[in-house]
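Have a look at the structure below before the remarks.
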Amino acid sequence: DVKVTQSSRYLVKRTGEKVFLECVQDMDHENMFWYRQDPGLGLRLIYFSYDVKMKEKGDIPEGYSVSREKKERFSLILESASTNQTSMYLCASSPPSGITDTQYFGPGTRLTVL
Amino acid sequence: SQKIEQNSEALNIQEGKTATLTCNYTNYSPAYLQWYRQDPGRGPVFLLLIRENEKEKRKERLKVTFDTTLKQSLFHITASQPADSATYLCALGPGGGNKLTFGTGTQLKVEL
């Protein structure tokens, strides 16, 4: 079974703090994704990566950055957390396009910024 | 711009009945459409994928249809059970880099 793990289930941070969210997958997938999920807005793509050290902006990259130094690990960074970044953050991974198009999600990190 | 619409109102049905959820899209020509299930506080879990050249797909009690003319997919759960209660998301793809575009989901509640 594919397993995607996220470093924390719940996180509380203060405005202005630098926040790191870690995601690890164990299926040697090339593609990894970071989403945030808010009521009424659904899943919105922040960043994705299709290879080590490669990254692409998603639909809402402002205020976020990412790092992919190893194939299995994809980190989301909030440089200076703000209250409007309070949300559920979901990481996902998938094999290369053309093999299967399924995304496998982690359990999510519920981040609260005070 | 691309738009995916799922009924934002919760769907309440009785146990044993067939639940039908709708996913409509505009300004998009997807090669495939996927359905995911999401339980509260958890990540989505993949259920079914249907490609543009397929009309219907089945998996156990689940059935998905895909009408590219109507730009609509229907997701059916037959003989529904309380354990089927969850939010169901549709997703269209691919975008570049195997991206998916997700709908906002419909909450299904199956009552005894």
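We name chains A, B, ... by the order of the sequence lines, and we start the count at 1 in each one.
- Side-chain heavy atoms closer than 4.5 Å link hydrophobic residues (I, L, V, M, F, W, Y) into clusters, and following such links, possibly through other members, connects B:L62 to B:I13.
- For B:L89, the part lying near chain A is the side chain, with the backbone staying farther off; criterion is any non-hydrogen pair under 4.5 Å.
- In the hydrophobic clustering of this structure, B:V110 groups with B:F75; members are Ile, Leu, Val, Met, Phe, Trp, Tyr whose side-chain heavy atoms approach within less than 4.5 Å, directly or through other members.
- Both B:L33 and B:I4 sit in one connected hydrophobic cluster of ILVMFWY residues. Membership requires side-chain heavy atoms under 4.5 Å apart, directly or through other members.
- Taken from OH in B:Y32 to OG1 in A:T102, the straight-line distance is 8.5 Å, to the nearest 0.5 Å.
- Surrounding CZ of B:R42 are at most 12 heavy atoms belonging to other residues, nucleotides or ligands under 6.0 Å away.
- With respect to chain A, the highest number of heavy-atom pairs below 4.5 Å among B:G103, B:S8, B:G41, B:G105 belongs to B:G41.
- Only the side chain of A:R9 comes within less than 4.5 Å of a heavy atom of chain B; its backbone N, CA, C and O stay farther away.
- In terms of heavy-atom pairs under 4.5 angstrom with chain A, the leader among B:T87, B:T104, B:T101 is B:T104.
- Proximity to chain B is limited to the backbone of A:L41, based on heavy atoms less than 4.5 angstrom apart.
- Residues B:P44 and A:L43 form a side-chain contact, since some pair of their non-hydrogen atoms from C-beta on lies under 4.5 Å apart.
- Hydrophobic clustering (ILVMFWY, side-chain heavy atoms < 4.5 Å, transitive): B:Y88 and B:F66 are in one cluster.
- No hydrogens or angles considered: a donor-acceptor pair under 3.5 Å links the side chains of A:Q37 and B:Q38.
- Closest heavy-atom contact between B:F102 and A:Q103: CE1-OE1, 4.3 Å.
- Note on A:L90 and A:F48: same hydrophobic cluster, where clusters join Ile, Leu, Val, Met, Phe, Trp and Tyr whose side-chain heavy atoms are under 4.5 Å apart, directly or indirectly.
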